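Being a predicted model, the structure only gives us computed values, none of them experimental.
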Amino acid sequence: MAEPPDSPSQRDPSRPQESGDRHGTRESPPEPVDMGPLSADTGENESTTTVLIALGVNLLIALAKSAAAFLSHSASMMAEAAHSWADTGNEVLLLVADKRAHKGPDETHPLGYGREGYVWALFAGMGLFVAGSVVSFFRGIKELMQPEPGGDYLISYIVLAIALIFETISFVRSARQARPEARTMDRDLIEHVLQTSDPTLRAVFFEDAAAITGVVIAGLGLFLHQLTGNPVYDAIGSLLIGTVLAATAYVLVDRNRAFLLGEQADPSIREATIASLLEMPEIERVTFLRLSIVGPRQIFVVGDVDLAGDERETRVAETLRHLEARLRESAAVVDAVLSLSVQDEESITR
């Protein structure tokens, strides 16, 4: 077999994205490659629906909480109103992230725009901290220094109860999307939401979880204020809500930062890719494989393979292009680059 013309690090990743063989040696389109667990992900439409539901819920709740905060003069209620407005703005950013991340490759961005989704999701995490956590801390400290008498508690309780119901509905929706994916990836729910390459699913899940926690804290702060007449409980509730939002924002910012820096695909995806490559009759063994996440449910495949038989160099190049095209037929693969293995390189096992 001919020696490899170049190594993976030397190959130009700016390959055309259209399916099929660029050399015109095949008439039929390549068969899609089964990427295992990644192929089971639900994709853009379900994530968009999840964000839209969260957006509608947070907008209605933000309006209701703002009215209740005005009538009750509650620091906890004000913190929750700021929280919901922050979440509403974040959902808009997440819609932008979801839209931009699925823009296809072009000449200037040969691997597509997938990582832009992490940029907008990172903005959303920062917005949650600034517009939610900082406001909650400020309101709690102000209440401690300048206590205000309580107002209409009943309207606050009603709004919090309604908010709890709707936030739970949105949370269940995001959990329902994540749970089948988690089972497919052999992860528990929290682990999958932390590790998934979908930033919108992660943001909605954790924001809704923080929202439910915040509603419970605000309700408890209001109740203790009403029971004792001491506004310090309401102020502490606001500070606790700010702490919850700060922790949530940190998780979201940190995970999006990690994906922007570049992460390898999950080991289960790697195993499925190796299995798919070895099932191809043209491939005898795989000696190198790198799967880089370049966007939500999008990977870039680079590998070295040993081809079966002893073909001429031209035919070998055509075979490699054919195999790359087959890999690109998978919806999860943005691009693929395959080179020839050196004879003494060890084979990769699953």
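Arg202 places a side-chain N or O within 3.5 Å of a backbone atom of Leu194 that can act as its donor or acceptor partner. Checking side-chain atoms of Ser174 against main-chain N and O of Phe171 turns up a donor-acceptor pair under 3.5 Å.
Counting heavy atoms of neighbouring residues, nucleotides and ligands inside a 6.0 Å radius, atom OH of Tyr157 exceeds 12 of them. Annotation for Phe137: atom CZ counts as buried by contact number, over 12 foreign heavy atoms lying within 6.0 Å. Taking a 6.0 Å sphere around CG of Asp186, one finds it holds 12 or fewer heavy atoms contributed by other residues, nucleotides or ligands.
In this structure, CZ in Arg139 is found 13.5 Å from CD in Glu80, a value given to the nearest 0.5 Å. Rounding to the nearest 0.5 Å places CD1 of Ile241 at 6.0 Å from CD1 of Ile217. Between Glu91 atom CD and Thr50 atom OG1 the span is 10.0 Å, to the nearest 0.5 Å. Rounding to the nearest 0.5 Å gives a distance of 11.0 Å between CG of Asp335 and CD1 of Ile299. For the atom pair Phe206 CZ and Asp208 CG, the distance stands at 11.5 Å (nearest 0.5 Å). A distance of 6.5 Å separates CG in Leu307 from CG in Leu323, rounded to the nearest 0.5 Å.
Cluster annotation: Phe223 and Tyr153 are assigned to the same hydrophobic cluster (Ile/Leu/Val/Met/Phe/Trp/Tyr, side-chain heavy-atom contacts under 4.5 Å, transitive).
The salt bridge (charged side-chain N to carboxylate O under 4.0 Å, His left out) search around Arg270 returns none, not counting sequence neighbours.
Legend: side chain to side chain donor-acceptor pair (under 3.5 Å) pairs involving residues 229-240, not counting sequence neighbours, sorted by first then second residue: Ser74-Asp234, Ser76-Asp234.
With hydrogens and angles left out, the side-chain atoms of Gln195 and Asp266 include no donor and acceptor closer than 3.5 Å.
Proximity of Phe205 to Thr196: side-chain heavy atoms (C-beta onward) are nowhere separated by under 4.5 Å. With contacts defined as side-chain heavy-atom distances shorter than 4.5 Å, the pair Arg297/Glu181 qualifies.
Salt bridge annotation for Glu318-Arg321: absent, with no cationic side-chain nitrogen under 4.0 angstrom from a carboxylate oxygen.
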message: Show, in sequence, the C-alpha distance, side-chain angles and deciding distance for Asp106 and Tyr113, and conclude whether the side-chain contact (heavy atoms from CB on, under 4.5 Å) test is met.
response: CA-CA 9 Å; Asp106 56 30; Tyr113 292 78; 2.6 Å; yes
